[in-house]
Number of protein chains: 2
Amino acid sequence: MDPSQQRLATKVARLYHVRGLRQAEIAARLDLSQSRVSRLLSLAEDAGLVRTVVVVPPGLHSDLEDALEVGYGLSEVHVVDVVADDDDELVRDLGQAAAAVLTGSPVRARSLGYTSWSRTLRHCVDAMVPQSSSADVVVEVLGDLGAPALQHAAAQSTERLAQLLGAEPLYLRAPGVVSDPALRDVLLAQDGHARRALAAADDLDVVLVGVGPPDVAPPLGGDNFFSAEQFASARSLGAVGQVCLHFVDESGELVDTPLDDLVIGITPAQLRRTPRRLGVAGGAGKAPAIRAALVGGWINVLVTDTGTAQLLAAAAPRH
Amino acid sequence: MDPSQQRLATKVARLYHVRGLRQAEIAARLDLSQSRVSRLLSLAEDAGLVRTVVVVPPGLHSDLEDALEVGYGLSEVHVVDVVADDDDELVRDLGQAAAAVLTGSPVRARSLGYTSWSRTLRHCVDAMVPQSSSADVVVEVLGDLGAPALQHAAAQSTERLAQLLGAEPLYLRAPGVVSDPALRDVLLAQDGHARRALAAADDLDVVLVGVGPPDVAPPLGGDNFFSAEQFASARSLGAVGQVCLHFVDESGELVDTPLDDLVIGITPAQLRRTPRRLGVAGGAGKAPAIRAALVGGWINVLVTDTGTAQLLAAAAPRH
DNA sequence: CGGAGCGGTGAATCAATATTCACCAACCGG
DNA sequence: CCGGTTGGTGAATATTGATTCACCGCTCCG
């Protein structure tokens with residue numbers, strides 16, 4: 001955009017949003033028409049010159065949050081009210097709310113792991129505002145899942161997150177799930193970037209983990225993902241959820257399956273080693289999986305919606 | 001406020017600001033009247049649930065900023081367009097803009113020095129949004145100046161800043177200027193808090209310094225401040241500005257006057273020792289003082305307005 | 001028990017903002 | 001040099017949002 005235009009837009013935006021002047025007043029003062037002021041304002045909005053954040057009022061759900069913190073021994077819980085008719089909206093709102101949570105208490109990590117295939121997390125990143133130099137590196141901790149289009153989205157999201165935090169992205173541009181363990185080794189042997197990303201996962205300060213039920217996720221049909229049969233076999237071994245594609249049972253224990261060796265991504269041990277494990281997830285369908293992840297200690301910071309929080313609180317191991 | 005009301009307000013605010021729904025749509029969806037939605041929105045606004053920040057587009061004034069960075073050897077310069085008819089407005093706008101700058105690249109300091117008697121800085125703090133745990137302590141680096149009412153404002157501002165950053169405030173509730181050096185020692189001997197604050201000034205990561213002309217500032221009439229005669233004597237010794245009440249001459253050198261011993265506040269040596277010295281100042285009247293502070297290296301991060309920036313760039317020692 | 005007073009509400013209305021539309025200027029390609 | 005096209009503008013207007021106002025349900029005394 002024309003810089004002088006942008007300057008004017010900033011000026012107008014400040015007068016409008018910070019000083020609280022009417023558009024007509026601004027128009028008069030700067031000798032413009034009101035319509036121009038209106039247009040400049042939407043311009044400023046589009047250009048990201050104006051950031052509007054709806055903060056999550058702290059302690060509004062202190063009852064639920066406390067119940068979950070105590071019940072599952074978590075270090076931090078944020079419960080947000082979301083208004084959603086369907087799952088898609090829920091995921092979107094939850095992501096945005098999580099972004100607000102993160103904005104409130106900045107990430108502050110040298111090294112941040114990110115699971116860019118999670119819809120919720122991608123929405124979260126989309127809704128984030130820049131926090132320069134909050135992290136040094138952003139590491140993708142799971143390979144690509146689903147169709148190529150999704151891979152683009154994931155890569156872009158990682159890039160955006162890195163940029164927002166003023167960090168270097170470390171991509172893991174390899175399939176998240178391979179058909180054969182040997183293939184995995186071959187791929188890794190060839191791909192230095194991927195090896196570097198996986199090595200970086202050894203030493204993360206924070207990781208944004210994806211959690212889900214042990215089943216085929218709708219947008220991840222077919223490619224680069226476990227098949228319905230594979231999921232079924234994991235379920236038959238007791239899996240009720242998966243954390244970064246590692247299966248856990250009802251008591252949070254890892255379910256040992258041959259499928260583990262097909263995943264290119266962070267290992268359970270690496271995950272455990274990370275001090276701050278942030279999960280953003282909600283929706284009735286995900287509740288058992290989230291519960292398992294919490295019980296097993298795979299997540300110690302949780303952002304979820306009111307409904308799921310209630311389900312989780314009711315099913316907490318300690319009261 | 002009623003928590004359920006606040007919850008509703010947050011919900012509405014998210015739908016409105018994040019999702020971009022019309023008030024009427026929200027009303028329909030939540031089964032409220034449009035007027036209630038409107039009211040809830042202003043409620044959310046008042047309660048600080050909605051934060052609107054107009055960011056300073058980076059590099060919009062890169063020409064001027066570069067000129068100043070190179071010309072004075074500064075580590076960072078932000079030039080903002082302010083629309084102001086009088087000095088009061090300028091100060092307000094500049095403060096708000098500086099807040100936006102700080103929001104963009106968070107403070108990130110264990111220990112932060114703050115000069116709460118500077119109008120510009122107070123406005124800056126007023127316009128800041130919370131950034132939890134960005135600092136551990138906020139230290140007042142200059143005693144009280146002016147009338148008691150102003151002292152309250154200063155103390156409140158310090159408290160607010162500390163709260164915004166999740167830090168502990170260290171107050172310096174002593175006169176900023178005393179009539180006799182001996183009195184200063186007596187006061188300090190009695191006041192442990194003050195001694196602690198001054199000691200903390202030894203080890204600051206960042207300091208927000210106040211800069212001004214060597215003259216009586218209008219709102220600081222009379223009490224706890226240098227008199228017109230004292231300023232005149234400093235000027236006769238070559239002072240063209242003052243940084244935290246220490247006089248500097250045209251070449252940025254400290255002007256040695258007996259007045260130095262009358263100040264209760266950070267010493268020039270302590271100031272020098274602080275790695276990041278942030279000055280927020282503007283206005284034609286202040287330009288020579290700012291220039292002196294820059295030349296002398298008393299400030300290495302500057303936030304100023306376009307007009308002042310141009311004056312400063314024209315008078316830069318290196319081009 | 002009654003009624004004054006308060007806080008909160010929605011319908012209607014007024015004010016503010018977004019959008020449309022006609023117009024103009026600058027910039028091509030004939 | 002002249003249509004034609006594009007992009008940007010303000011006046012007028014449509015749309016959206018804030019405010020008024022009359023009303024309701026409470027509570028708190030008398």
Side-chain angles (χ1 to χ4, degrees), chain A residues 1-55 57 60-61 81-85 89 92-93 96-97 100 127, chain B residues 1-55 57 60-61 81-85 89 92-93 96 100 127 129:
Chain A
M1 192 207 309
D2 179 14
S4 78
Q5 175 111 327
Q6 188 158 351
R7 225 137 61 185
L8 189 58
T10 321
K11 209 183 268 190
V12 168
R14 238 200 311 277
L15 288 172
Y16 188 77
H17 292 288
V18 183
R19 289 267 279 271
L21 298 185
R22 320 253 98 133
Q23 296 187 357
E25 298 182 80
I26 299 172
R29 178 186 289 231
L30 270 55
D31 194 31
L32 309 165
S33 66
Q34 178 263 321
S35 37
R36 198 140 132 67
V37 172
S38 172
R39 277 193 279 258
L40 283 167
L41 281 171
S42 42
L43 203 75
E45 201 84 42
D46 295 346
L49 266 46
V50 179
R51 300 266 156 69
T52 307
V53 183
V54 179
V55 304
L60 240 193
H61 287 284
D81 286 300
V82 301
V83 199
D85 301 333
E89 287 196 8
R92 216 149 42 106
D93 282 5
Q96 285 162 345
Chain B
M1 192 204 310
D2 179 12
S4 77
Q5 175 107 328
Q6 188 158 357
R7 222 134 64 183
L8 189 59
T10 319
K11 210 183 267 190
V12 167
R14 237 199 311 276
L15 288 172
Y16 188 77
H17 293 290
V18 183
R19 289 265 281 269
L21 298 184
R22 324 254 95 145
Q23 296 188 353
E25 298 181 81
I26 300 171
R29 178 187 290 233
L30 270 53
D31 195 30
L32 308 166
S33 65
Q34 178 262 319
S35 35
R36 198 142 131 67
V37 171
S38 171
R39 276 193 278 257
L40 283 167
L41 281 171
S42 40
L43 204 75
E45 200 85 42
D46 294 346
L49 266 45
V50 179
R51 300 267 156 68
T52 308
V53 183
V54 179
V55 305
L60 241 192
H61 288 283
D81 285 300
V82 300
V83 200
D85 301 334
E89 285 196 9
R92 216 149 43 108
D93 282 5
Q96 285 162 345
V129 300

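Naming convention: chains lettered A, B, ... in sequence-line order (proteins, then strands); numbering from 1 in each chain. Computed over heavy atoms, backbone and side chain alike; hydrogens, waters and symmetry mates excluded.
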*Show the numbers, then the answer: is there a side-chain contact (heavy atoms from CB on, under 4.5 Å) between B:Leu30 and B:Glu25?*
CA-CA 9 Å; B:Leu30 270 53; B:Glu25 298 181 81; over 6 Å; no
Review point. Which of residues 25-37 of chain A have a heavy atom under 4.0 Å from DNA chain C?
Key: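 The answer is A:Gln34, A:Ser35.
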Mind checking which nucleotides bracket the chain B contacts on DNA chain D, 5' to 3', with an atom under 4.0 Å from a heavy atom?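 Here the contact window of chain B covers D:dT16 to D:dT20.
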d(A:Ser38 OG, A:Ile26 CD1) to nearest 0.5 Å is 10.5 Å
Within this structure, what is the CG-CZ distance for the pair A:Leu41 and A:Arg36, rounded to the nearest 0.5 Å?
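Output value for this atom pair is 11.5 Å.
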The side-chain hydrogen bond (donor to acceptor under 3.5 Å, both in side chains) partners of A:Ser42 (sequence neighbours excluded) come to none
Could you list the donor-acceptor pairs under 3.5 angstrom formed between side-chain atoms of residues 44-54 of chain A and any protein atom two or more places apart in sequence or on another chain?
from    : atom 1 : to      : atom 2 : distance (Å)
A:Arg51 : NE     : A:Gly48 : O      : 3.4
A:Arg51 : NH2    : A:Gly48 : O      : 3.1

| query | How about B:Leu40 and B:Gln23: do any of their side-chain heavy atoms sit closer than 4.5 Å? | reply | no
- Once you round it to whole Å, what is the distance between C1' of C:dT9 and CZ of B:Arg39?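 It is 7 Å, rounded to the nearest whole Å.
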Write down the atom of A:Gln96, the atom of A:Ala127, and the distance for their closest heavy-atom approach.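 Looks like CG-CB, 3.5 Å.
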Check nucleotides 5-7 of chain C for protein N or O atoms closer than 3.5 Å to its own N or O atoms and list the pairs.
none

Please output the side-chain donor-acceptor pairs of residues 10-22 of chain B that fall under 3.5 Å, not counting sequence neighbours, one pair per line with the distance.
from    : atom 1 : to      : atom 2 : distance (Å)
B:Thr10 : OG1    : B:Gln6  : O      : 2.6
B:Arg14 : NH2    : A:Asp81 : O      : 2.4
B:Arg19 : NH1    : A:Asp93 : OD1    : 2.6
B:Arg19 : NH1    : A:Asp93 : OD2    : 2.8
B:Arg19 : NH2    : A:Glu89 : OE1    : 2.8

